Amino acid sequence: SAVISQKPSRDICQRGTSLTIQCQVDSQVTMMFWYRQQPGQSLTLIATANQGSEATYESGFVIDKFPISRPNLTFSTLTVSNMSPEDSSIYLCSVDRTGAYNEQFFGPGTRLTVL
Amino acid sequence: AQKVTQAQTEISVVEKEDVTLDCVYETRDTTYYLFWYKQPPSGELVFLIRRNSFDEQNEISGRYSWNFQKSTSSFNFTITASQVVDSAVYFCARTEGGSEKLVFGKGTKLTVNP
């Protein structure tokens, strides 16, 4: 299984500020995904991040609010911009190692609270 | 959107009981993958199983077993002789549109009481 780390593990932020979440994988992966899990809810895909191209966002998520970087095959960042209390969620990155529908592993998540 | 439905919001059992978590999905894809994940109170998402849409063989792994019925679009998960450590939220998911992105059900919270 892939070893995935996320930083920070949790944070409490003020309304109107931005937070950048880092996702590091222990091996090169083709695709990385960012999900949001609002309190008591299921997971919703925010975007797919491929190295060397712009991220692909799902309906309801926009680049200005959730800019993503993917500078190499082991690392990605998600920024939550101009935060509001509604952004309080767990943000998780996941990887699909080979792009061949193998096991998708998730990072430990970043628990964000916006005051 | 093509949904993944986990009709059971919460289930409570006593230790050593068997419990089945239901999952029904919608899809127009010919090829897709189905997943189950466990999310314990600590919050991390633990991969349990991946199933190819062309492989309808049931699978057993220790106390866990999965029943895939393509004809009814169901992928149910059974825990035999449940233990307190099985208490968690369990999510069923499938791939969408021939990609690797996942669509999740709303989850079933399982509580196993001693």
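Every chain is numbered from 1 and lettered A, B, ... according to where its sequence line falls, protein lines coming before strand lines. This one's a predicted model, so the numbers in the text were calculated from it and none came from an experiment. Worth knowing before you read on, the calculation uses all heavy atoms, side chains too, and leaves out hydrogens, waters and symmetry mates.
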- Checking heavy atoms, do the side chain of B:Gln6, its backbone, both or neither come under 4.5 Å from chain A? neither

- Query: Has B:Lys16 got more than 12 heavy atoms of other residues, nucleotides or ligands less than 6.0 Å from its NZ?
  - Reply: no

- Query: B:Phe91 and A:Gln37: which non-hydrogen atoms are nearest, and at how many Å?
  - Reply: CZ-NE2, 3.5 Å

- Task: Could you look at A:Leu43 and say if it's the side chain, the backbone, both or neither that has a heavy atom under 4.5 Å from chain B?
- Result: both

- Message: For A:Lys65, is the NZ atom crowded, meaning more than 12 foreign heavy atoms sit under 6.0 Å from it?
- Response: yes

- Could you point out which residue of B:Phe35, B:Phe47, B:Tyr37 forms a ring pair (Phe, Tyr, Trp, His ring centres under 6.0 Å) with A:Phe106? B:Tyr37

- Closest contact, heavy atoms only, A:Glu58 versus B:Lys101: OE2-NZ, 3.1 Å

- Please flag which part of B:Leu102 lies under 4.5 Å from any non-hydrogen atom of chain A: side chain, backbone, both or neither. both

- Message: For residues B:Leu110 and B:Val14: do they belong to one hydrophobic cluster (side chain heavy atoms under 4.5 Å, members Ile, Leu, Val, Met, Phe, Trp, Tyr)?
- Response: no

- Message: Membership question, hydrophobic clusters at under 4.5 Å side-chain separation (ILVMFWY): are A:Ile46 and A:Met83 in the same one?
- Response: yes

- Message: Counting only heavy atoms from other residues, nucleotides and ligands, does the tally under 6.0 Å from CD of A:Glu54 exceed 12?
- Response: no

- Query: Any donor-acceptor pair under 3.5 Å linking the side chain of A:Ser42 with the backbone of B:Gly107?
  - Reply: no

- Message: Return the CD to OG1 distance between B:Glu100 and A:Thr48, rounded to the nearest 0.5 Å.
- Response: 8.5 Å

- Query: So with a 6.0 Å cut-off around CD1 of B:Ile60, is the heavy-atom count from everything else above 12?
  - Reply: no

